[in-house]
Amino acid sequence: MKITKICCIGAGYVGGPTMAVIAQKCPHIQVTVVDLNEERIAAWNDENVENIPIYEPGLDKIVAEARGRNLFFSTNVDQAIDEAQIIFISVNTPTKTYGKGKGMAADLKYIELCARQIARVSKSDKIVVEKSTLPVRTAEAIKSILDNTGNGVQFQILSNPEFLAEGTAVTDLLNPDRILIGGDSSEEGQKAIQALVDVYSNWVAKDKILTTNVWSSELSKLTANAFLAQRISSINAMSELCEKTGADVNEVAKAIGMDSRIGSKFLKSSVGFGGSCFQKDILNLVYIAKSYGLNEVADYWEQVIIMNDYQKRRFSNTIVKTLYNTVADKKIAFLGWAFKKDTNDTRESAAIYVADDLINEQANIAVYDPKVSGKKVLADLDYLETRSSEKNKKGIVSFEDPYLACKDAHAIAVLTEWDEFKGYDWKRIYESMQKPAFIFDGRNILNRSEMESIGFIYQGIGS
Ligand code: NAD
Ligand code: UGA
């Protein structure tokens, strides 16, 4: 089947960049990204490409090249479904906040809505691709909805999980380690797989495109995230032991990472992993394991989350303890609010939880982040519902200038590893602060001896 029209439901951090790259690499395919969120679609269509809703290095250029040529953003979901041969589902799959599985299971209501809409609208055969991260065996439910509520047309369901990381989405999409496509073993299933393989083959080498059965593909995505997050919790567990023993976690990470069986990536100790996926996907894995009665399996993976929560709390406790056991009425500057550098995404950012702890201790937080607005910072805190929005407003203020954020502060906490922090005039910052001036480097990005020579009392993670 020659593919000329693709639709993607969900114009978020995955749908937007993924489809932009497909459109750029496949000028012969018309790609339409649809979303219910009118504001988001309007931002994707903003004449000034710098205003697209997602910040990713290099994404603006790709959108500028393809938008209006073969890349379109629209709120007309029905029309896009109707016209497409392949429909990607890239909607959010957050942790359930209600009912059975509350706090653990993935909330599949948005997925089900998409399936019902595809079934209702489709008047020709379609390939439906799970791009969202889903519990293993979700394809079964999607198929049942499509077959039972559809108009008699044929649907093939493929699983094609996305492995991009935010902040490096464009390079990850252009040079993926692998593309994973799971599908049915029937002749129709194999044809559908081949159609999607052909799309990716426009820029990805054949040996990097892996095809499997649907369940392996669905489960591989959860497994990949669990393994990645596990490495962070493992090194973070070691960071506390390093602090007690005089070992340095950066040196330990380097030493173990040089063993090619371990590898050097994802061994950076930090204030804890954030982001929209690691926590939700591991909780989902734990829930799935429990639902099959595999309690030991569930407990094993849950410990990754327990360790991560502990690491965030440990960081705020260290700040309080070091500042003579009280931070009440003290200004503490936060450098960074995003969950990692090069993104404007703040979902589950460690900064939110550290700020919440410190506001409980009546500290005054001053935030600077190059890509996150003050409005977003407040909304993130309000979302926790620890205290009223009025109280949050008193506890936290955002600045557009890092030097003003740090002025008169008792301490600086580095929460995100933005490169620009390293190049600041740290002497000037030191001179503008209360003394003694402390730096709590939650990302180990600043040079300890340089900071100490300026006069700071410097505390990194794990040393
Ligand atoms: P997101 O919240 O940024 O985007 C999802 C979008 O879907 C939203 O804009 C929402 O309005 C839209 N939507 C929801 N229901 C809809 C419907 N019925 N019709 C039309 N639009 C609808 O989420 P995201 O970060 O892009 O993640 C999407 C999925 O991809 C999740 O399952 C996530 O686990 C997975 N994933 C995310 C990343 C990442 O780095 N963010 C990476 C790999 C996989
Ligand atoms: C992660 C995975 O890396 C992607 O492969 C996956 O597609 C994605 O989740 C997803 O499914 O959503 P992402 O969360 O965007 O990507 O970013 P990461 O680079 O994985 O960072 C996650 C968190 O871990 C960040 O807070 C980061 O600072 C932290 N981290 C990462 C560490 O603390 N140490 C490390 O060594 C690496």
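Both counts, for ligands and for their atoms, begin at 1 and track the order of listing. Every heavy atom of this structure was used, including side-chain atoms; hydrogens, water molecules and symmetry mates were not.
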T343 side chain to K341 side chain, donor-acceptor N/O pair below 3.5 angstrom: no
Run through all N or O atoms in ligand 2 and write down each protein N or O closer than 3.5 Å, as a pair with its distance.
{"unit_1": "ligand 2", "atom_1": "5 (O)", "unit_2": "F163", "atom_2": "O", "d": "2.8"}
{"unit_1": "ligand 2", "atom_1": "7 (O)", "unit_2": "E162", "atom_2": "O", "d": "3.4"}
{"unit_1": "ligand 2", "atom_1": "7 (O)", "unit_2": "F163", "atom_2": "O", "d": "3.2"}
{"unit_1": "ligand 2", "atom_1": "7 (O)", "unit_2": "L164", "atom_2": "O", "d": "2.7"}
{"unit_1": "ligand 2", "atom_1": "7 (O)", "unit_2": "K221", "atom_2": "NZ", "d": "2.8"}
{"unit_1": "ligand 2", "atom_1": "11 (O)", "unit_2": "K221", "atom_2": "NZ", "d": "2.8"}
{"unit_1": "ligand 2", "atom_1": "11 (O)", "unit_2": "N225", "atom_2": "ND2", "d": "2.8"}
{"unit_1": "ligand 2", "atom_1": "15 (O)", "unit_2": "E166", "atom_2": "N", "d": "2.8"}
{"unit_1": "ligand 2", "atom_1": "17 (O)", "unit_2": "K340", "atom_2": "NZ", "d": "3.3"}
{"unit_1": "ligand 2", "atom_1": "19 (O)", "unit_2": "K340", "atom_2": "NZ", "d": "2.7"}
{"unit_1": "ligand 2", "atom_1": "26 (O)", "unit_2": "G274", "atom_2": "N", "d": "3.0"}
{"unit_1": "ligand 2", "atom_1": "26 (O)", "unit_2": "F339", "atom_2": "O", "d": "2.8"}
{"unit_1": "ligand 2", "atom_1": "28 (O)", "unit_2": "R443", "atom_2": "NH1", "d": "2.6"}
{"unit_1": "ligand 2", "atom_1": "33 (O)", "unit_2": "S270", "atom_2": "OG", "d": "2.6"}
{"unit_1": "ligand 2", "atom_1": "34 (N)", "unit_2": "K268", "atom_2": "O", "d": "2.8"}
{"unit_1": "ligand 2", "atom_1": "36 (O)", "unit_2": "L267", "atom_2": "N", "d": "3.4"}
{"unit_1": "ligand 2", "atom_1": "36 (O)", "unit_2": "K268", "atom_2": "N", "d": "2.9"}

Exercise: do Q117 and D78 side chains pair donor with acceptor under 3.5 Å: yes
Between F273 and F278, ring centroids under 6.0 Å: yes
Centroid-centroid distance, W301 to Y287, less than 6.0 Å: no
Side chain to side chain, T322 and I319, heavy atoms closer than 4.5 Å: no
With sequence neighbours excluded, residues passing ring-ring contact (aromatic ring centres under 6.0 Å, His included) with F73: W44
Min side-chain heavy-atom separation V136-T138 under 4.5 Å: no
Taking a 3.5 Å cut-off between nitrogen or oxygen atoms, can you list every pair linking ligand 1 to the protein, with distances?
{"unit_1": "ligand 1", "atom_1": "3 (O)", "unit_2": "Y13", "atom_2": "N", "d": "3.2"}
{"unit_1": "ligand 1", "atom_1": "3 (O)", "unit_2": "R40", "atom_2": "NH1", "d": "3.3"}
{"unit_1": "ligand 1", "atom_1": "3 (O)", "unit_2": "R40", "atom_2": "NH2", "d": "3.4"}
{"unit_1": "ligand 1", "atom_1": "4 (O)", "unit_2": "R40", "atom_2": "NH1", "d": "3.4"}
{"unit_1": "ligand 1", "atom_1": "9 (O)", "unit_2": "D35", "atom_2": "OD1", "d": "3.4"}
{"unit_1": "ligand 1", "atom_1": "9 (O)", "unit_2": "D35", "atom_2": "OD2", "d": "2.6"}
{"unit_1": "ligand 1", "atom_1": "9 (O)", "unit_2": "R40", "atom_2": "NH1", "d": "2.7"}
{"unit_1": "ligand 1", "atom_1": "11 (O)", "unit_2": "D35", "atom_2": "OD1", "d": "2.6"}
{"unit_1": "ligand 1", "atom_1": "21 (N)", "unit_2": "L36", "atom_2": "N", "d": "3.4"}
{"unit_1": "ligand 1", "atom_1": "25 (O)", "unit_2": "R347", "atom_2": "NH1", "d": "3.4"}
{"unit_1": "ligand 1", "atom_1": "25 (O)", "unit_2": "R347", "atom_2": "NH2", "d": "2.9"}
{"unit_1": "ligand 1", "atom_1": "26 (O)", "unit_2": "Y13", "atom_2": "N", "d": "3.0"}
{"unit_1": "ligand 1", "atom_1": "26 (O)", "unit_2": "V14", "atom_2": "N", "d": "2.9"}
{"unit_1": "ligand 1", "atom_1": "32 (O)", "unit_2": "T93", "atom_2": "OG1", "d": "2.6"}
{"unit_1": "ligand 1", "atom_1": "32 (O)", "unit_2": "T133", "atom_2": "N", "d": "2.9"}
{"unit_1": "ligand 1", "atom_1": "34 (O)", "unit_2": "T133", "atom_2": "OG1", "d": "3.4"}
{"unit_1": "ligand 1", "atom_1": "34 (O)", "unit_2": "K280", "atom_2": "NZ", "d": "2.6"}
{"unit_1": "ligand 1", "atom_1": "40 (O)", "unit_2": "E166", "atom_2": "OE2", "d": "3.1"}
{"unit_1": "ligand 1", "atom_1": "41 (N)", "unit_2": "E166", "atom_2": "OE2", "d": "2.7"}

Side chains of N308 and S233, donor plus acceptor under 3.5 Å: no
Residues 8-25, side-chain donor-acceptor partners within the protein, below 3.5 Å, at least two apart:
{"unit_1": "Y13", "atom_1": "OH", "unit_2": "N344", "atom_2": "OD1", "d": "2.9"}
{"unit_1": "T18", "atom_1": "OG1", "unit_2": "V14", "atom_2": "O", "d": "2.4"}
{"unit_1": "Q24", "atom_1": "NE2", "unit_2": "E65", "atom_2": "OE1", "d": "3.0"}

